[in-house]
Amino acid sequence: MIIYLNVIGLYLLWTVQISTCDICSTCSCTIFINEEQEINCHGKHLANNDMLNFDLLTLSNHQILNKLVLSKNNIVNLPRNLLKKLQFLRNLDLSENIIEKIYITMFIDLNSLENLNLSKNSLKTFDDSLLEVLPALLSLNLSYNDIDSIEHLMNNTITKINTLDLSHNNISSLPKEFSASLLNLQYLDLSFNKIHSLENCNLIHLHSLKKIYINNNFIITLDMQALPKTLIELHSGYNQISEILYNLVHIEILNLQHNNISALHANLITNNLQSLNISGNLLSDFPNIISESLKVLDISNNKLTYVPEVISIKNFPLLFQLDVSNNPVENLTINSDLKLNLFVANKMNMLKNIEKDTLANLRSPSNDCINLTISNNKMLTFIHEDALRHMNLCSLDLSNNQLSYVAQKLIMHSSNFTIYSVNLQGNPLKCNCTLQWMLNDLVPQLYTTQPRLLDDLRCAWPSQISNIRMVHWYGWKDQVFCASTSILKENLTMNVASVVTTEVIHFDSSTGLLIVVGIATTVLTLLIVGGIVWTQKVAIKRRRINRKF
Ligand SMILES: *[C@@H]1O[C@H](CO)[C@@H](O)[C@H](O)[C@H]1NC(C)=O
Ligand SMILES: *[C@@H]1O[C@H](CO)[C@@H](O)[C@H](O)[C@H]1NC(C)=O
Ligand SMILES: *[C@@H]1O[C@H](CO)[C@@H](O)[C@H](O)[C@H]1NC(C)=O
Ligand SMILES: *[C@@H]1O[C@H](CO)[C@@H](O)[C@H](O)[C@H]1NC(C)=O
Ligand SMILES: *[C@@H]1O[C@H](CO)[C@@H](O)[C@H](O)[C@H]1NC(C)=O
Ligand SMILES: *[C@@H]1O[C@H](CO)[C@@H](O)[C@H](O)[C@H]1NC(C)=O
Ligand SMILES: *[C@@H]1O[C@H](CO)[C@@H](O)[C@H](O)[C@H]1NC(C)=O
Ligand SMILES: *[C@@H]1O[C@H](CO)[C@@H](O)[C@H](O)[C@H]1NC(C)=O
Ligand SMILES: *[C@@H]1O[C@H](CO)[C@@H](O)[C@H](O)[C@H]1NC(C)=O
Ligand SMILES: *[C@@H]1O[C@H](CO)[C@@H](O)[C@H](O)[C@H]1NC(C)=O
Ligand SMILES: *[C@@H]1O[C@H](CO)[C@@H](O)[C@H](O)[C@H]1NC(C)=O
């Protein structure tokens with residue numbers, strides 16, 4: 001650390017001594033402890049002054065420069081010899097400029113360049129001979145340009161590049177020779193383009209490809225035969241896929257969310273698949289498949305009217321995360337045994353009740369706990385007090401349902417509720433004596449461990465206290481919910497002011513709530529009186545001042 005500070009210190013001295021037109025007077029220059037140098041000129045308006053044409057040429061003073069950031073400078077063209085002597089440069093960031101065309105000769109001497117970022121420019125075409133003049137290039141970012149064609153002009157077909165980001169362009173196809181030259185490519189992002197068919201992209205030649213993003217395009221048929229067999233992750237959400245042909249044995253992560261899939265063929269789920277996201281499709285059924293590896297399954301936003309019983313420990317022994325949200329399910333009964341770490345059932349607009357046995361087959365894994373989220377269900381008014389009795393919960397989210405009552409037994413069952421988080425916010429809770437336990441046990445617990453779960457924990461009833469947060473009564477000794485109800489019972493239409501007057505007179509019989517309301521009223525009255533007196537004083541003073549002039 002001390003050595004590092006010394007290096008910086010010496011370096012600062014050195015920069016000060018250098019002529020004022022040196023690039024370090026405008027950009028920030030850093031030497032790292034391993035002697036690597038970095039010059040960062042992000043957002044320095046270099047294109048608008050002479051800096052770019054003159055000072056950048058002094059970069060030859062920094063021949064061991066490893067990283068050069070020229071992003072966000074309105075650069076249209078780089079001076080021809082700018083990068084000539086930077087033979088140690090490994091990272092070059094030219095993103096967020098307005099470069100329309102790449103002149104290959106500019107890059108010819110960058111023999112060490114590994115990462116080139118041309119993202120967020122105005123490129124219309126991309127000529128792959130750039131890959132040829134940069135022999136060490138590993139990663140190229142061309143995202144957020146206007147590229148609609150990729151031209152194959154390179155002679156040599158061996159490139160080292162392993163990461164290519166072409167997302168957010170206007171690409172509908174890739175030339176065959178181009179993809180055939182990407183022998184080492186492992187990561188390809190083609191998302192947010194205009195691809196209608198995978199065949200047009202000649203992806204089958206990418207013999208090392210592991211991850212591909214083709215989400216947010218216009219693909220109708222997902223023909224997996226057009227993809228290399230090496231693929232492990234396929235991100236193909238937000239297309240118009242209605243048909244899936246074949247499958248790929250090695251795929252571990254398959255994202256198909258927001259497409260037009262109405263049926264899944266049994267062969268889709270291979271024995272290597274670990275995560276399947278088929279949220280936002282038209283599924284009304286689920287195939288009876290076995291997968292020894294499936295861990296995460298998202299079938300939310302479909303047309304399922306029940307939780308498919310083929311989703312079970314028997315078929316998916318490793319499954320630990322299941323999302324069934326936003327399906328037209330009226331009866332949430334889990335019909336097969338499941339042991340999960342996370343179960344999510346949100347936005348089920350037809351779900352009204354959760355009975356004693358509804359979740360009986362859903363368990364937490366042995367020696368582990370389950371995060372249970374059943375929230376934003378606008379018809380859900382009832383959860384049986386024994387519905388979760390058999391689960392070892394790590395968190396319970398019942399927020400934004402229509403629950404007016406939550407049994408103490410539901411929350412504080414056999415497991416030690418003090419160690420998990422309970423979210424009951426956004427429910428129209430009826431704060432009568434049966435919910436006094438929340439003030440006694442839940443509120444103090446959340447107050448110390450998860451105070452943000454008290455932000456929207458409110459009473460909806462009785463009307464006198466509707467919308468008041470429960471934390472308002474934190475630390476009160478009285479059984480507030482019990483007391484107020486008994487008083488309110490005497491006269492439901494009685495307004496708060498009249499309660500205060502009667503109760504303040506019979507002070508000994510008043511409840512904590514009423515005392516505080518009484519004190520509050522007194523304070524308010526004093527303030528009002530004080531306010532009147534003060535206004536009058538000010539008015540008098542003003543009159544006096546006015547008289548003076
Ligand atoms: C550009 O890419 C480089 C490395 O490839 C990275 O360090 C940098 O953060 C990227 N810039 C932007 C704006 O994403
Ligand atoms: C490419 O750059 C964009 C920002 O301009 C960034 O969001 C993206 O992550 C980069 N891609 C890679 C593969 O680093
Ligand atoms: C490809 O070969 C041609 C002819 O041999 C040559 O003129 C051209 O410069 C080469 N392109 C690259 C990028 O090396
Ligand atoms: C994308 O390409 C189409 C033609 O294929 C063209 O009409 C459109 O203007 C292009 N869009 C952009 C943003 O360049
Ligand atoms: C989605 O599929 C249905 C039939 O399954 C079809 O009627 C509809 O046109 C398709 N929509 C799109 C956008 O392809
Ligand atoms: C599935 O995709 C949806 C939509 O993109 C996303 O919100 C959700 O988090 C994904 N599910 C999983 C388990 O990643
Ligand atoms: C829900 O379905 C289960 C079996 O699938 C059945 O036993 C139960 O009675 C149903 N509950 C309601 C309320 O219809
Ligand atoms: C369950 O919730 C706990 C805490 O709320 C969190 O640390 C853990 O990552 C969650 N597990 C899963 C599988 O989501
Ligand atoms: C519950 O857990 C808390 C904190 O871990 C601990 O202090 C308390 O003794 C436990 N109570 C019971 C009944 O196990
Ligand atoms: C409180 O309200 C619940 C349901 O809203 C009702 O079942 C219960 O009898 C009430 N308890 C008391 C003490 O008024
Ligand atoms: C109940 O409230 C009504 C209207 O505020 C009032 O007229 C009546 O006297 C009250 N009854 C009791 C017993 O306080």
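Both counts, for ligands and for their atoms, begin at 1 and track the order of listing.
- A salt bridge between D337 and K339 is absent, with no side-chain N of the basic residue lying under 4.0 Å from a carboxylate O of the acidic one.
- Counting heavy atoms of neighbouring residues, nucleotides and ligands inside a 6.0 Å radius, atom NZ of K124 exceeds 12 of them.
- Note: no N/O pair closer than 3.5 Å links S404 and ligand 10 by distance alone.
- Heavy-atom contacts of N432 reach the following atoms of ligand 10: 1 (C), 2 (O), 3 (C), 8 (C), 10 (C), 11 (N), 12 (C), 14 (O) (cutoff under 4.0 Å).
- Note: an N/O pair closer than 3.5 Å links D165 and ligand 2 by distance alone.
- Which parts of ligand 2 touch S143 is read off a 4.0 Å heavy-atom cut-off, strictly below it: atoms 1 (C), 2 (O), 3 (C).
- Side-chain N/O atoms of K347 and N376 include no donor and acceptor closer than 3.5 Å.
- In this model, no donor atom of one side chain and acceptor atom of the other lie less than 3.5 Å apart for D165 and Y144.
- Of all protein heavy atoms, the one lying nearest to atom 14 (O) of ligand 7 is N331 ND2, 3.5 Å.
- Within ligand 2, the atoms closer than 4.0 Å to a non-hydrogen atom of S119 are 2 (O), 3 (C), 4 (C), 5 (O), numbered from 1 in the order shown.
- Any N or O atom pair closer than 3.5 Å counts here, and Y144 shares no such pair with ligand 2.
- Between the side chain of N73 and the main chain of C41, a donor-acceptor pair closer than 3.5 Å is present.
- Between Y405 and ligand 10, no pair of N/O atoms sits closer than 3.5 Å.
- When ring centroids are compared, Y238 and H258 come within the 6.0 Å threshold.
- Between N117 and ligand 2, a contact under 3.5 Å exists for no N or O pair.
- Atoms of ligand 10 lying under 4.0 Å from at least one heavy atom of T434, given by number and element, are 1 (C), 11 (N).
- Salt bridge status for D386 with K409: present, with a side-chain N to carboxylate O gap under 4.0 Å.
- Heavy-atom proximity to K430, at under 4.0 Å, picks out these atoms of ligand 10: 2 (O), 5 (O).
- A distance-only check finds no donor-acceptor pair linking the side chain of D397 to the backbone of I374 [under 3.5 Å].
- Remark: minimum distance from atom 4 (C) of ligand 7 to any protein heavy atom is reached at N335 OD1, 3.9 Å.
- A cation-pi contact, defined as under 6.0 Å to the ring centre and within 45° of the axis, is absent between K211 and Y187.
- Within the structure, the closest approach of S95 to ligand 2 does not fall below 4.0 Å when heavy atoms are considered.
- In this structure, atom 7 (O) of ligand 7 has no protein heavy-atom contact shorter than 4.0 Å.
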